[in-house]
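Note that the coordinates shown come from a computational prediction; the quantities given were computed from them, not determined experimentally. Below, chain A is the first sequence line, B the second, and so on; all start at residue 1.
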Amino acid sequence: MNRSLDYLFGTAVGDRGEDAQGVISLVRQWAEKEVIGNRLDYQRNYAVLFEEKARVLALSMGLQRLALPEGQGGFGWHDPGHVADVAAVLSEVGRADSSTGVLLAMNYALFSILTRFSEGRAGLVEAMTASYLDDELKIPSCALPGPGSMGRETPLYKGRSIPALVESRDSGPTLSGANIRPLAAGLRADLFLAVCADEKGRPCIALVPGDKPGIERGREVLTTGLNALANADISFVETEITRESLIQEPEAVPMLFTLLNLFLGGVSLGAGMNFFEILGDWSDSRVIRGSGPLKENPLCASVLADVAEEIACSRLLLHDLARLVSPSGRAWSLDTEGQYTYAVMIGARIQKGIMRAINRGMELMGSAGYAKEWHAEKHWRDVKTIQSLLCGVGAEAPVKMDTARCFYDCREI
Amino acid sequence: MNRSLDYLFGTAVGDRGEDAQGVISLVRQWAEKEVIGNRLDYQRNYAVLFEEKARVLALSMGLQRLALPEGQGGFGWHDPGHVADVAAVLSEVGRADSSTGVLLAMNYALFSILTRFSEGRAGLVEAMTASYLDDELKIPSCALPGPGSMGRETPLYKGRSIPALVESRDSGPTLSGANIRPLAAGLRADLFLAVCADEKGRPCIALVPGDKPGIERGREVLTTGLNALANADISFVETEITRESLIQEPEAVPMLFTLLNLFLGGVSLGAGMNFFEILGDWSDSRVIRGSGPLKENPLCASVLADVAEEIACSRLLLHDLARLVSPSGRAWSLDTEGQYTYAVMIGARIQKGIMRAINRGMELMGSAGYAKEWHAEKHWRDVKTIQSLLCGVGAEAPVKMDTARCFYDCREI
Amino acid sequence: MDHFDEFSRPLEYLSPLDKHLRTVLRKNIEQEVMPLRRRYDEDWKEHALIEPAFDRIMGGLGLQKALFPQEYGGWGLAGSDYIFRFAYQLCEELGRADTGMAVALAVTFWPLLVIHLEPYVNERLIAEFAPMFCSTNKAVFAANAMTEPQGGSDIENMGLLKGRTIRTTARLEGDQWVINGHKLWPTNSGGVARLFGVPCTTRPGSSNIEDFAFIYVPADAKGVTQGGPYEKAGMAADKNGDIWFDDVRVPVWYRAHGPGRDAEAFYQLISFGQVASTAFLTGAMMNMYERLYEFVSTRTYRNRPLKENEAVAGVIGRIAGDIDICRILGHEAAMMGDRRNTPYGLPLGSEGLVGKIRNIKDFVSDRAVENLGKAMDVLGCYGPDRDWDIEKHWRDIKIIQLWMGGKQLCQMESARYFFNCETL
Amino acid sequence: MDHFDEFSRPLEYLSPLDKHLRTVLRKNIEQEVMPLRRRYDEDWKEHALIEPAFDRIMGGLGLQKALFPQEYGGWGLAGSDYIFRFAYQLCEELGRADTGMAVALAVTFWPLLVIHLEPYVNERLIAEFAPMFCSTNKAVFAANAMTEPQGGSDIENMGLLKGRTIRTTARLEGDQWVINGHKLWPTNSGGVARLFGVPCTTRPGSSNIEDFAFIYVPADAKGVTQGGPYEKAGMAADKNGDIWFDDVRVPVWYRAHGPGRDAEAFYQLISFGQVASTAFLTGAMMNMYERLYEFVSTRTYRNRPLKENEAVAGVIGRIAGDIDICRILGHEAAMMGDRRNTPYGLPLGSEGLVGKIRNIKDFVSDRAVENLGKAMDVLGCYGPDRDWDIEKHWRDIKIIQLWMGGKQLCQMESARYFFNCETL
C-alpha cells in the first residue's frame, strides 16, 4: 500500500504521550517480527508458539506489567487516564494474535479495577502485583453475568443472570456456583474475576485464585476461535475467599463491562486492521478476468471500501469511547451508568463493524479467505468469538435494553 | 425525558469556546420558540412561516453573518478552526427545520471557500460580504458534479459528471451548461456555486450571481423534502463571470464536498435529534396492550435503542470528522484528499445512520409517524432528500470508489 | 429482461383469470392513473382527480363486485379456490400505479370477506349489501373500522389479547345493536366509505372471544360522524380520518355471525390484508424498477451508462433481485391462503398461517422501504424529484410497513409461531 | 411449530420421492453423521470417521447411482422431470447434518450431469462410467476440476469470458486427448475423487466457445498428480487440493459432446450447483433452528426463557422467518430448473434462469452468513462452543457464499439479466 496504516487510520499522535508511543512501537515490532512475519509457523504450531510469543511480549518485553501500579514495578497504566493508550496497545497485539490480546485485556481490566478499588485492599494489591511481576505468564479469566437456566432463578445484573453467589460466613466470603462459563481461559486460569451476587442480590466481583480449594474445572471446551485460551466450565463449591478479594463497590461491575468492551474492542480492531492489510496484499496480486488486478474492478473496489469504512469508523468510535471514559480526554461528563451504556453500545457496534469488514473482505478473497494458509480466517473466527462472548446472551438484546434504559428511561425491561 | 439531550448526546463542552456556546444557545432558543413550539402553525403555513422564521434567525439574530469575515462585520466563522462549531450550530437549526439548515450550510460553505481562496479576490470577498450584510435573506445554491447523460461526454470529478464548462474568453470566463440540477433552492437563488470544468477538464468553482444575463431557470421541481427551498434546473447560456469569481485552485472542489458533507451532516443530525425527542414523547404517552407504556415493551425498547444508538454514533462521528478537518482539533494529519475521503465516507454514513434512526422510530409510531400532525414525517422526508442529494448519483457507489481509491490505491475505478 | 412481468412467479400457481385480468387492468391503469398520479399529492383532500379513476376501475370494470356471488350480480370469486391469488394479482397491478388506490380497493373487500368466506357465509347480509356494490358504475367503498385511539395494533393482536382492549361497545336493545365508540385511521374513512365493518365488544374489558362482535354500520346511519381526512406523508388516494359512533342503531342481523364465530371470521382478514400488502409493495417496486431501468440506462457515471458500472450494477442488481424474491414470496403467501381448503393446507386462522404470512409481509415491507430508499439514492439529485415517481412510492409505501400492527406485531406473531412462545 | 419440517415449502412442487427419501435419509443421517460430526474437524485429513458415513449414505443407500439410467443399475433420475427438486431435498437433508458431506455427494453428480441431462446425453460415456458408481457399496466420488490458480471465478463467468482465461489445455493426438494444466480447490479433490470432469481449452486464449472442451479424466490416469487436502476454517468432510495434469492421455470419446455443445452442457451445471448451494444453506439453517430452539427454551434472561423476552423474540423470530423464506426460495429455484423442459420454463443456459438462480443463491448465502452469526450471538458465551453445533455451521457455510464465483459473480450475473447490461 502506498499510504501507511498510521496515515489511513490515524493514530491520534497529538493526544498521545511519548511513553505510549514507545510502548506501541515496541509492541508493533513484536507483532511484525514474532508473529506476522512467521504466520505459517505460528499457525501450524499454534499452541506452542502462542505460549512462546506471549511470554516474549508479556515477560521479556514487560507487557504483563503494563497496568501494574507504578510504585511497585509496574508501568502504572491502570488509571482511567490511560485507557486510550491501553486500547491502542491491545490493537497492536490484536493485529498479531487475538488470544494474546484477550489475555492481556483481562489482565489490564483486573488491575484497573483492583487499583480503582484499592482502598482497604493494600495487601491484596501488593500481593497480586508481586505475583504478576514474576517471570511467569499469568492467566486471568473473567466470568460475566449471562444466560441463566430454566428452573434456576438467579439474581440479575441488568437482566443477565449472575452465575455465582457469595455468602458472608464467619470464615469469610464463600462462593458457590455451578458450571459457570468464563469468557475464555477457564481451563488454565490462575485467577478468576467472577461476577457474583451477594446475599442482597447485588452484583460484585470476586477475585478467586485458580488454585483455591473448591474450584472444579470441567473438560476443555472446543471453540470457534481464541483457541490458545483453552476454556472450561468452572464450579465454585463453597470456595472461600478473603474479604479483600470481594469487590462490592456498586461501580465495580459496570466498570468491568466498560473496560472489557473498550479493551476487547481494541483487540478486535487490531485483528481487523491486520485483515485490512492481508486483503490489501491479496487484491493487489489477484487478477480478475485475466486482465487487471481485482481492486480495479468497481464492484470489488466497493467491497474494499466497505472494509476500509467499517474499520476506520470502528477506530474512530473506539477512540471516542476511550475519550468518554478517560477524565483527561473526556468529551463530556457522563456518570458510571452513562459510561457503561456508551461502552456496551459502542463496544457491540465495533465488534459488529469489524465482523462485517472481515465477512465482506472474505467475499473477495474467495477460498483464499477460507484456507488457513492466508490467516484471514483466523481473524474471522477470533473476532466472532469475542463478539459472541461480549453479547452475553440473546445477541444484542441486552445491550439494546441497556441503551433504551439510559436514553428513554425505561424501567421494566 | 429525565436526562437532557446535552447529557445523552454530549456537547463536547470542553472543546468549545464561550462564543460558540453562546451562539448555540441562541439558536436553540430560536428553534424552540419560533419553530418547535409552533409546529402545527409552521407546518400548515410552511412557505410563509419558513421565510419569516428564517429571516429572524439569519437577519435579526445575525446567523447570515456567521461565516463572514470578522473585519467586515461578520463573526469570522469561515476558517477551518470553526467547522466543529458551525456543524453544531447547524444541528440546532436542523432540529427546527432542515431547509433553514441547508440554506445556512450553503452560505457557510460559500464563505469558507471564498475566504480560503481570498488571495487575489479581495474585491469579490468584500462585495459578497457587503451583500450578505444587507437586511435581506440570501439564497445561495450549489450545483455539484453528478449524473451525466448518455451521448453527452463531460469532464469528470472522480467519476461524476461536471455539468458546466467554463471557457476563457477575452471578455472573461464564460460559463455554459444546460439543465443543471442544483442541490436545492435553484428557483430563487441569488448566487450559484456551480462546479464547472475549465478547458483542460479541471474542476473548479464558479460563483455566479443569480441575476446574471444568460441564466435560464426551468419550472419548479416538486420534491420529497426541503420543500421551502424551491428548486429548478438552471442553464448557463454563455454566462459571463468575472475572473475573480472563478476558483480554479485544485483544492476548492474537494473542500466544497468536505464542507457540505460536514455541514449537511450537522443539519441531518439535528433533524435526527428532534426526531429522538418526538419519539421519546410518543413512547412515554402511548400504551401497548392496554397496559404499560410502549417503551416498557422489550421489542419496542430495542427499537428505541436502535434510534438512540444511530444518533449517538452519528454525533460522535460528526464530531470526529470536524476534528479531522479542523487544524486545532486535528486527531492526525490528513492531506486534502484524505480529508475529502473521510468527509464523503463519514458524511454518507451519518446520513444513512440518521435515516435508519428515523425509519426505525417510525415503525414504533405507526400511523402517527406518517401523519403530518406529528412532524416526524417531515424530518424523514427532509433527511432523505439531503441523503439523496449528497449521494450525487449511483447511490453510495461514487463514495465507495473514493474510499477504495484512498485506502487501497485503486487507480482506474 | 425485456419486461417487468418477467420477475419470477411460481408459474404453476397462476389463477385462470390471471392473464386476462392483468391485461385489462393494466391498460386501464396506464390510461387513467399513471398520467395523473404525480398530481395526486395535492388532491389528497378533494379527490377531484382521483375519484374518476376509482369510478373507472372499481365501478366501470366492476372490480368492486368481485366477491359477491353471481346471482347477485357479482363475479363469485369469494367462492373460488383462488381468491387470495386473485387479490394478489389485482393489488400488485394497482400497486404498480398507486398503492393508495390499491388499498382503497382491497379494503373494500375486507369487511365483505367476513361474510363471504366459507365456512363463514352470511347469505342474508350478502343479499342485503350486494346492490350497494353491484348495481352501480360508480366506485363504492367499504371500510374496516378497526383501530382505536388508545392502542394502535392491539385489536389485531387477537392471538394474545382476544379483544380485551376494545373500547367500542355494542349493546343489544330489542332487535337493534346500539354502538358507541371512536375509531380512527381506517382506509376509506374520511368520508369515503358507504359501509363500515366495526369490530367491537359486547362486554368491555372481556378476554372472552365470545364477546367480540363484528357489526356492519352504513356510513349514513344516524349517530355516525366522520372527521375530515388526515394530511399524510403520502398515499393521497387513501383517505383516513376519525369516526365516532354515538348511539348508532343497526338491525340485529347486522352482526356478522354471532359470538365466537365473529372473531374467527374476522381473524381471517388479517392474513388477507397481509397478502394484499405484499402485493401493493411488490407492485410499487416493479414500477420503481421500470423507472430505475430508464434512469440507469440513460444517465452516466464516468461517461458510461450507470448500469454498466460494476459498483452501481451491484446496487441495482440487488434491488432487482429483491423484487424477484418478493414476488415469489408474495405469490407463495397468496397460495398459503388459497391452500386453506385443501387437505394439506393450514386453516386461515391457524397460528402457522398467520405467523408465516406475517413474516413474509414483514420481510417484503423491509425490502420495499430499503430498496425504494436506495433507488432514490441511485438517482442522486433527481431522487427527491417527483417526476421520477420513485420518491412517490417511497413515501407511499412506508405506511404499509407500519399498518396492521406494524413491524413489531409481525415479528411477535411469527416468533410466537416459530418458537411456540407463550407470553408474547 | 412442532417440527423443523414445517418450514414452508411450495407444497404443490414436492416430487414423488420426497416423503420416502427424506424419511430414509434422515434416519441414516441421524444415526451415522449427527453423533460424530463434532469430531469431524480433527478428521479433516484422515477422514477416518467421515469415510464410513459416506459409505453408508452414498454406497449403502445407493445415492451415488441416482443419475444413471435404470438399465445400468441406477435410479434414472437424470431423466425425470424432478431432478432439480430431488437434488434440492437431498442436499437440504444432508446439509442439515453436515454441509461438507452434502457438497461431496452433490459434486459427485456434477460432472456426470454433463452427459446425463437431455438434450446432452452421451450414452457411450454413461455406459462406461456406470459400473464405477453403480456396482459397489462403497462411496465413489467424482469431481469437477474447474478453478485454476490465476483467476478464481473466471471459468464460471462463461457469459462474459467464454472460456478465454482457461489455461488447462487439451490437445488431440491420434485418438487421444492430451491434457496439461493445474487446477485447484475442487470439491472431492485432495485424493478423494475417482473421476474428474475437466473444463479445458483446445486453443488457449480463444473466446470462441467452440474451443471449450469438457473432458473426463480418471483419477488414476498416468500424469494426474494430486496434492494433499488444504486445511480450512471448516467443512472438513469436503477435501480440496491441487491437481496437476501432466501430459495426461484419455480416449478421444472422453470429451463430453464436442465443440460448442460441451460449453452448453457444462453451463447447465452452474444453476444446478447454485440450487444445491441454497439447499445446503437451508439445511444448515434448519439445524441451527433446532439447536437454537433448545437454547432459547432452556436458557433465560431476567429469569424467563429467552424466547419469552420480546426483544430476543424479535431477533430469533427474524432468524426463523428468514429460514422460512429461504426454503420457499430454494424450492422455487429448483422448480425453475425443473421447468426447463416445459413450454413455459426457461432453458437452463438462458441468461434469465442463470441470473435468477444466482440471485437466489446470493440472497440465501447472505441470510445464512448473517443468521448463523446472529445465532452464535444469541448463545453468548456458548456461541463459540462446538457442542452447540451452531458455530460449526457458521464456519462451514461461509465457503458456500464464496464458491462458484462468490457473491460478486452472482451480483453481476443477476444485474446483467435484470438490467440488460452489456459490458459487465
- One should read off an interatomic distance between C:E332 CD and D:R9 CZ, to the nearest 0.5 angstrom, of 11.0 Å
- Query: If you count heavy-atom pairs under 4.5 Å between each of D:E351, D:E6, D:Q411 and chain C, which one has the most?
  - Reply: D:E6
- Note on the structure: Listed by number, the residues in residues 312-329 of chain D that come under 4.5 Å of chain C (heavy atom to heavy atom) are D:A313, D:G314, D:I316, D:G317, D:R318, D:A320, D:G321, D:D322, D:D324, D:I325, D:I328, D:L329
- Query: Who in residues 300-308 of chain C is close to chain D, using a strict under-4.5 Å heavy-atom cut-off?
  - Reply: C:R304, C:K307, C:E308
- Could you go through the side-chain contact (heavy atoms from CB on, under 4.5 Å) check for C:F4 and D:F418 one step at a time? CA-CA 9 Å; C:F4 65 84; D:F418 287 118; over 6 Å; no
- Query: When only heavy atoms count and the cut-off is under 4.5 Å, which of residues 335-344 of chain D reach chain C?
  - Reply: D:M335, D:M336, D:R339, D:Y344
- When only heavy atoms count and the cut-off is under 4.5 Å, which of residues 279-294 of chain D reach chain C? D:Y289, D:L292, D:Y293
- Task: Would you indicate whether D:H20, at its atom NE2, is surrounded by more than 12 heavy atoms from other residues, nucleotides or ligands within a distance under 6.0 Å?
- Result: no
- Indicate yes or no: at least one non-hydrogen side-chain atom of D:E12 is less than 4.5 angstrom from one of C:E12. no
- Message: At a 4.5 Å cut-off on heavy atoms, which part of D:F7 comes close to chain C: side chain, backbone, both, or neither?
- Response: both
- Evaluation steps, ring-ring contact (aromatic ring centres under 6.0 Å, His included), between C:F363 and D:F363: CA-CA 13 Å; C:F363 174 83; D:F363 174 83; 5.6 Å; yes
- Closest heavy-atom contact between D:F419 and C:V296? CD2-CG2, 3.8 Å
